[in-house]
Amino acid sequence: TMPSEMASQLESSLLNCPDSLDADTPSLHQDVLSMPHPTSIFFPNET
Amino acid sequence: YGLKALLPLIRREDQSTEYDPSMTLGIDLTPVLHSLGIPSNQQGRHRVLETFQSPWVETSRSEVEPRFFVPESFKKIPNVLQAGNRSPVFNSVQQDLAKISLFQDETLFYLFYKHPGSVVQELTYLELRKRNWRYHKTLKVWLTKDPMMEPVVAPGGASERGSYVFFDPQRWEKCQRDFVLFYNAIM
Amino acid sequence: TDQEKMSLVFTEWVKLLQRVPDDDISVVVFIRQMIEKGVLSSTEGMVKFTNAALELSVSSFKESDPTSDVFIATDAFSKLIVKLLILQEFTDMTRADYFKLMISVITMVISEDHGRMREGFNERPYFRLISSLLCEWECVSGHNFIKMGDQQCRSELVEFNFDFYNIIASFLHSTQPIAFPGFSFAWITLISHRMFLPKMLRLPEKAGWAKLVLLFTDLLKFMAQYTKKNDVPDAVSVVYKGALRIFLAVANDAPGFLVENHYELLNNLPHVYMQLRNIILSAIPKNLVVPNPYDPNLVIDDVIGCHDAPTVFYDPVQDLHALKKPVDNYLRIPSTSLQRAITTGIFKPEYQKDNGIGYDTVSVDTKLINAIVFHVGIEAALEKHKTTATAIFNTKSSYYTLLASLLNDGNSEVRFHVVQAIANQLRYPNAHTHWFNYVLKNFFFAEDWGSNKAEIQEIIVRTLLERIVTNKPHCWGAVVTFADLLKAPGASITTFQFIKDVPEVELIIKHL
């Protein structure tokens, strides 16, 4: 049987599980192509 | 060690009392393979580990950047769009309209979808309209009239039926469709 | 204090990287100055700096607004590590030892944090550090480090590349779930990382395979340890789901890895994971076309693939230990004394708990039995290649009689595990599948088992059936062998008493 301390550590690991955003390629310095600007609410708002 | 040991596995009413059936008899793997991007009839054609997002579907909600190589000759190209040694930027709707008119349709679509809420999204909108593309507010895609066909306006004048060329951002290509276009849906 | 000085230097580094692109001259100058001013010139300095940088990265992660970029410092540290590996001249210490030292410090920090924080431990910054390190390395190592201008440096890095991945793999082995349960889900995500797993699978000369098998074994052992039959903790169930997807991805991209390592992987796979076992054993080498195993006219002897022996990455002879000599000697010249040495040498000194379908303990050394069976199969296929097929497709051959004597002299438990070990070799069409199909068929229909005949037949039917009643995939060899038993002339097996005694099974077999 899994010791209870191990079980709670495993649970905690599950809660903190890294996702695909955590695994994405880092980019520290990014030249911003374009400044923010209010656009139509009908335009897609997610890249 | 004999056949009776298999009974708890195969007896429907006994399932999940002695063994976890999802691990013993297992599950239908078709949706799992689908979630991995492995079509069931073409295994091995496409390598999935190169773009593997996460071991679990629940933590795979965004794409991850795969391995790629950028040759040096693609970088630090001087004076792109007269920007000198810097990368070009689009920060003014007034001043940058001339630059945006130099791009092909596909580049405009790319910039439109890639940079929401920005000057360049507004610029590409204006330029595409100049080129007779119209943006469909609910479908969130761009379309233009098929020059081969004249549309038929509906009685009442709220819509027309005709042949249009759509740009599909998922498949990244232009495609022709017959369509009923409501005028209040486009901008 | 030294710690404070190191922290200041690292903080400057993080700020610099946010202002300039990483190939800016100021980045190179910064590193040069770090080296010239002796920040990293001693082992002690390196340890202190790594400690300081990691501590800052982790605390910066914890203190950052979760909606902002929480990994700025961590990513900067990964980039620094790669820059240090590329830009330094390694005179006092090899590049590999340098990297090993940094990774050891990182391991110690994880260990200390994990032990101190217990359920409060957060694996994410450590995950990000290794993930970003893998991404940064990928960036510089493309096309054999073609971005390196200096040819000397470039060839050194090409040589070092294997060490890089090997050291990361060793790190992962040290931080496996059994040791650091609070790091488990990050760990599983790292072993399957897109910048690690495919690389390890495709290093030249399969250089990454041994370590990969080790890591998969770590995962399977953890799952085996804590899988109760009907009371799988939720978190372990999630681990299983992740493992399942990883193995399916490997089966798609690199089936050869599963084909050549099935023996080792199965040694650590809990028996209750029947579908996962089938996934590993159903792997087929790329570009091999396999005839329909359900074709009633299929004759295994005519299948072309059965001429060729499968490639084996790990030779099971290494696991025979004291029985290596008796087995090899028996295969050359069988004798009853050698036979007895083997059939009595397969027991464990004491009972152990196990998680089987129908049994809770094991008193035989199943790994040894698997090794014997597999080794005999490998030798048989070699013999066929050297001489003729009749040398091994022959119930009087030493290869056959060795396995038969294990059944004859053994009890039910021995028989079961031997038959299971044989069934593990019934895979895609190859020389092993072909020979073991012959062995099992002959075992089934042999007339010289005496009163043990029914038990042996029942164990064979059970073993094959459990591999076919699962959801797909099903092993080609298991299906073909079972079909051969059903198709055999004479009384249908559904008339056998041990099958009629279990009506549900009788129904399934009639359906099949």
Side-chain angles (χ1 to χ4, degrees), chain A, chain C residues 14 16-22 24 27 69-76 78-79 114 117-128 131-136 138-139 177-178 180-190 192-195 222 225-226 228 231 233-236 238-239 242:
Chain A
T1 317
M2 192 180 280
S4 59
E5 173 163 352
M6 188 186 214
S8 51
Q9 285 175 319
L10 186 63
E11 284 289 330
S12 154
S13 174
L14 174 54
L15 284 171
N16 284 323
C17 185
D19 64 12
S20 46
L21 288 169
D22 286 358
D24 208 356
T25 312
S27 55
L28 280 157
H29 174 257
Q30 278 227 298
D31 283 324
V32 177
L33 182 75
S34 182
M35 283 186 7
H37 181 85
T39 52
S40 164
I41 52 162
F42 296 110
F43 289 175
N45 52 17
E46 264 186 21
T47 178
Chain C
V14 176
L16 178 65
L17 282 189
Q18 289 178 274
R19 290 207 197 95
V20 303
D22 67 351
D24 193 272
V27 168
D69 200 337
V70 300
F71 293 126
I72 292 176
T74 320
D75 290 348
S78 307
K79 202 176 277 281
H114 185 275
M117 298 298 292
R118 297 174 189 272
E119 297 86 60
F121 175 75
N122 193 325
E123 63 205 322
R124 284 179 69 211
Y126 301 105
F127 168 83
R128 179 70 176 201
S131 169
S132 295
L133 184 56
L134 289 164
C135 291
E136 296 286 352
E138 179 55 52
C139 194
I178 270 178
F180 297 103
F183 190 62
S184 299
F185 285 87
W187 187 88
I188 299 169
T189 311
L190 282 171
S192 58
H193 197 283
R194 70 193 182 287
M195 305 287 189
F222 177 70
Q225 181 89 357
Y226 298 114
K228 294 269 161 277
D231 180 25
D234 286 342
V236 176
V238 179
V239 169

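Only a predicted model underlies this, so the values are computations on that prediction, with no experimental measurement involved. Chain identifiers are assigned alphabetically (A, B, ...) following the order of the sequence lines, protein sequences preceding nucleic acid strands; residue numbering begins at 1 within each chain.
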Practice problem: Return yes if some donor-acceptor pair links the side-chain N/O of A:His29 with the main-chain N/O of C:Leu17 below 3.5 Å, else return no. | Solution: no
Quiz item: Are the side chain of C:Arg194 and the backbone N or O of A:Ala23 linked by a donor-acceptor pair below 3.5 Å?
Solution: yes
Quiz item: Quick one: what part of C:Phe127 sits under 4.5 Å from any heavy atom of chain A, side chain, backbone, both or neither?
Solution: side chain
Practice problem: Supply the atom-to-atom distance C:Arg128 CZ to C:Glu123 CD, rounded to the nearest 0.5 angstrom. | Solution: 14.5 Å
Practice problem: For each of C:Met117, C:Met195, C:Lys79, C:Gln18, tally heavy-atom pairs with chain A at distances under 4.5 Å, and name the one with the top tally. | Solution: C:Gln18
Quiz item: Distance from C:Asp24 atom CG to C:Arg19 atom CZ, nearest 0.5 Å?
Solution: 12.0 Å
Quiz item: Can you check side chain to side chain contact (heavy atoms under 4.5 Å, CB included) on C:Val236 and A:Leu10, steps first, answer last?
Solution: CA-CA 9 Å; C:Val236 176; A:Leu10 186 63; 4.2 Å; yes
Practice problem: Below 4.5 Å from any heavy atom of chain A, which atoms of C:Phe71 appear? Answer side chain, backbone, both or neither. | Solution: side chain
Self-check item: Set of side-chain contact (heavy atoms from CB on, under 4.5 Å) partners for A:Pro3, sequence neighbours left out
Solution: A:Met6, C:Tyr226
Quiz item: Just how far is it from atom OG1 of C:Thr189 to atom CG of A:Asp22, taken to the nearest 0.5 Å?
Solution: 9.0 Å
Quiz prompt | Part of C:Tyr126 lying under 4.5 Å from any heavy atom of chain A | solution = neither
Exercise. Determine the minimum heavy-atom distance between C:Cys135 and C:His193, stating which atoms define it.
Key: SG-CE1, 4.3 Å
Self-check item: Nearest-0.5 Å distance that lies between atom CZ in C:Phe222 and atom CD1 in C:Ile188
Solution: 7.0 Å
Exercise. Name the member of C:Ser131, C:Cys139, C:Pro233, C:Pro181 that forms the most heavy-atom pairs with chain A at distances under 4.5 Å.
Key: C:Pro181
Exercise. Below 4.5 Å from any heavy atom of chain A, which atoms of C:Val70 appear? Answer side chain, backbone, both or neither.
Key: neither
Exercise. With chain C as the partner chain, list the residues of residues 11-21 of chain A whose heavy atoms fall under 4.5 Å from it, by residue number, and write 'none' if nothing qualifies.
Key: A:Glu11, A:Ser12, A:Ser13, A:Leu14, A:Asn16, A:Cys17, A:Pro18, A:Leu21
Practice problem: Mind ranking C:Ser184, C:Gly120, C:Ser78 by heavy-atom pairs under 4.5 Å with chain A and telling me who comes out on top? | Solution: C:Ser184
Quiz item: How many angstroms lie between CG in C:Leu133 and OG1 in C:Thr74, if you round to the nearest 0.5 Å?
Solution: 12.0 Å
Self-check item: chain A contact via C:Glu138 - which portion, at a heavy-atom distance below 4.5 Å
Solution: neither
